[in-house]
Amino acid sequence: MIPMIESIIGTVLSSFIVVIISTFMVLVLDFLFPSYSRWTRMFLFFIVLTVVLLPAFEHLQIIRSITQTIATMFISIYPLLTASILASGGSFSMLNFQPAMLLFANGAVILADKILIPLLSAAMLFDIVSRFHPAVPFTKMADLLRTTLLGLVSALVAAYSIFITAGGTISWALNGVTSEPIKELIRQNVPLIGSFMTDSLGAIGRYSSGASVFIGAWLIVTIWSVALLPTMKTLLTGFLYRWTAAIIEPFANEEITGLLDDIGKTLFVLCAVSFLVAFAFIYTALFTVILVKLITVAK
Amino acid sequence: MALFGILMVTLFQLIVIYLLLLIVSFVSSSLRPIIYAAIFFFFLSYVGMTIILPFGKTFMQLFAPLPDPYAKLLIGSVFLFYFSEVIVKHVSEAGYESIATIAHLAVKIAILSLWLPQISALIDTLSKFIIK
Amino acid sequence: MRGRLLEFMTGVLFITILSSVLSLLLPEDMEMEFLPIIKIAMGIWIIHSITAFFGHSLF
């Protein structure tokens with residue numbers, strides 16, 4: 001966990017240092033040659049875009065490829081799964097496993113692949129365009145896209161929570177009364193997606209507490225950490241963007257800080273989308289493991 | 001200390017040039033524009049050689065940690081722009097403003113063509129967002 | 001639908017970069033006069049994309 005955080009901070013921080021240095025340089029140039037300030041502003045924007053966009057773009061790419069992998073995996077194993085569900089008969093009724101839930105979760109992944117992620121990159125591009133040329137703004141469009149995406153994802157997670165109603169045998173930490181302060185902390189401190197995060201974590205936790213009867217807790221922890229790793233990375237990167245924007249705001253161009261802030265916001269929404277994907281991954285993995293166990297026990 | 005000496009010398013030269021121009025305009029006002037232009041270019045090249053270019057080099061070293069072409073490009077294009085603007089101002093003072101603006105536009109286009117590889121790289125990165 | 005969206009985004013991106021680079025070349029006081037042209041171009045592109053999206057063609 002610690003080396004991962006260090007590597008993320010290393011890659012993102014180096015590009016942010018470049019941004020800060022170039023801001024200072026542009027300040028000096030503006031002082032020396034005031035008539036050139038329009039050009040320096042534009043070229044500073046070029047530098048910042050080429051340097052800063054890469055980490056964000058990489059995250060988008062990672063989530064996109066994960067989504068595609070899960071979607072194709074699901075499509076390929078779905079006939080097999082349904083066949084074995086039919087074969088194993090009623091043994092699933094002892095747990096709150098609904099095969100429909102599997103279909104729903106992976107439908108969400110396909111939705112994310114086909115609609116959510118393209119719309120998100122479109123929102124990012126609209127932000128960049130409207131900061132690049134402030135006379136022709138697209139800010140309303142970008143905001144609309146982001147809020148629509150967030151609403152869509154929240155509705156999907158609410159549907160998950162409705163699907164998973166029964167509690168498991170092992171009460172999981174995030175469900176208990178003791179975890180309320182932590183939930184509140186997350187809700188208050190993660191902008192935009194905080195309450196959504198606690199909801200989806202709760203849904204995932206409720207589900208896997210039911211499954212932990214059948215398979216060991218360590219397997220659940222492994223699947224959790226594998227599925228949530230990209231999400232956490234994205235969240236951390238988004239925070240770094242917003243922190244940098246807050247730090248350099250007093251001395252940098254308004255466009256630069258606004259751009260960093262916007263990219264941070266978009267990454268938060270991307271994080272929300274990747275929660276959907278993570279959930280589908282966890283569900284499918286646990287489902288498959290339990291299915292295999294049931295079949296081997298039956299034999 | 002050396003820089004201080006150079007600055008002092010430049011200041012002194014400025015005063016000498018000013019006095020010289022005053023004397024020229026007193027002696028023969030028809031000869032004044034050409035002498036003015038000659039002294040202007042001489043002074044510009046002198047200041048550029050002794051102050052502006054060395055300063056540009058230290059400035060570049062100061063911002064060496066920036067990724068490779070950017071610091072050089074930015075500072076180089078700023079100086080190019082500055083020199084062209086100064087010359088344009090001089091020419092337009094003599095009353096040939098329209099010629100000066102054409103030259104200025106040419107310098108602007110030259111600066112942009114210096115930046116062309118960077119701009120195309122940027123467009124590439126941006127269109128990666130939309131082209132899948 | 002995806003193809004239309006990509007086309008629209010590419011157009012927006014290119015109009016923006018092109019117009020901002022072009023407006024650098026103009027003198028400062030003429031930039032304001034140039035702005036309506038950019039806006040017209042962007043507006044035509046948006047309206048064209050919307051009509052093309054619904055199956056009509058402006059051009």
Side-chain angles (χ1 to χ4, degrees), chain A residues 26 30 33-50 53 57 60 64 67-68 71 110-142 144-145 148-149 253 255-256 259 262 266, chain C:
Chain A
V26 162
D30 268 355
F33 309 101
S35 62
Y36 194 68
S37 59
R38 254 192 328 157
W39 291 61
T40 40
R41 192 201 133 250
M42 176 70 77
F43 290 144
L44 174 69
F45 211 82
F46 282 173
I47 297 175
V48 169
L49 267 190
T50 36
L53 220 52
F57 181 66
L60 198 66
R64 191 189 267 173
T67 315
Q68 273 172 351
I110 292 170
L111 183 78
D113 179 33
K114 291 278 181 267
I115 293 177
L116 299 186
I117 290 179
L119 278 187
L120 199 62
S121 45
M124 205 157 177
L125 210 65
F126 276 132
D127 277 331
I128 293 168
V129 160
S130 45
R131 298 281 173 189
F132 196 77
H133 203 188
V136 189
F138 281 94
T139 43
K140 290 201 175 75
M141 176 79 99
L144 186 68
L145 280 181
T148 312
L149 278 179
N253 269 357
E255 288 111 21
I256 303 294
L259 181 74
D262 285 344
T266 313
Chain C
M1 183 209 153
R2 283 282 295 285
R4 296 267 188 224
L5 186 68
L6 295 189
E7 202 186 313
F8 174 63
M9 293 305 299
T10 320
V12 167
L13 182 66
F14 274 53
I15 289 176
T16 306
I17 292 180
L18 193 73
S19 61
S20 50
V21 168
L22 279 182
S23 65
L24 274 187
L25 286 177
L26 290 174
E28 221 149 308
D29 47 332
M30 263 169 74
E31 197 187 346
M32 278 295 134
E33 297 167 25
F34 184 56
L35 203 60
I37 302 275
I38 298 170
K39 291 204 170 193
I40 287 174
M42 192 61 93
I44 288 177
W45 177 247
I46 291 171
I47 303 294
H48 167 70
S49 306
I50 290 175
T51 48
F53 186 77
F54 289 112
H56 298 282
S57 180
L58 203 62
F59 307 125

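All heavy atoms count here, side chains included; hydrogens, waters and symmetry mates do not. Per chain, numbering begins at 1; letters A, B, ... match sequence-line order. All values derive from a computational prediction rather than experimental measurement.
A side chain to side chain contact (heavy atoms under 4.5 Å, CB included) with Ile44(C) is found for one member of Ile47(C), Ile40(C), Ile46(C) and no other, namely Ile40(C).
In this structure the side chain of Leu13(C) never reaches within 4.5 angstrom of the side chain of Ile128(A), judged on heavy atoms. Side-chain contact between Arg64(A) and Ser121(A): present, with at least one pair of heavy atoms (C-beta onward) separated by less than 4.5 Å. The closest side-chain heavy-atom distance from Thr148(A) to Leu119(A) is not below 4.5 Å. Within the 4.5 Å cutoff, the side chain of Ile38(C) has heavy atoms near those of the His133(A) side chain.
Taking non-hydrogen atoms and a 4.5 Å limit, the residue list of residues 38-46 of chain A in contact with chain C, ordered by number, reads Arg38(A), Trp39(A), Met42(A).
In terms of heavy atoms, Ala112(A) sits closest to Pro118(A) at O-CD, 4.1 Å.
Looking at Leu35(C), only its side chain comes within 4.5 Å of chain A, counting heavy atoms on both sides. Within the 4.5 angstrom heavy-atom criterion, atoms from both the backbone and the side chain of Ile17(C) approach chain A.
Here the CD-CD1 distance, from Gln68(A) to Ile117(A), works out to 8.0 Å after rounding to the nearest 0.5 Å.
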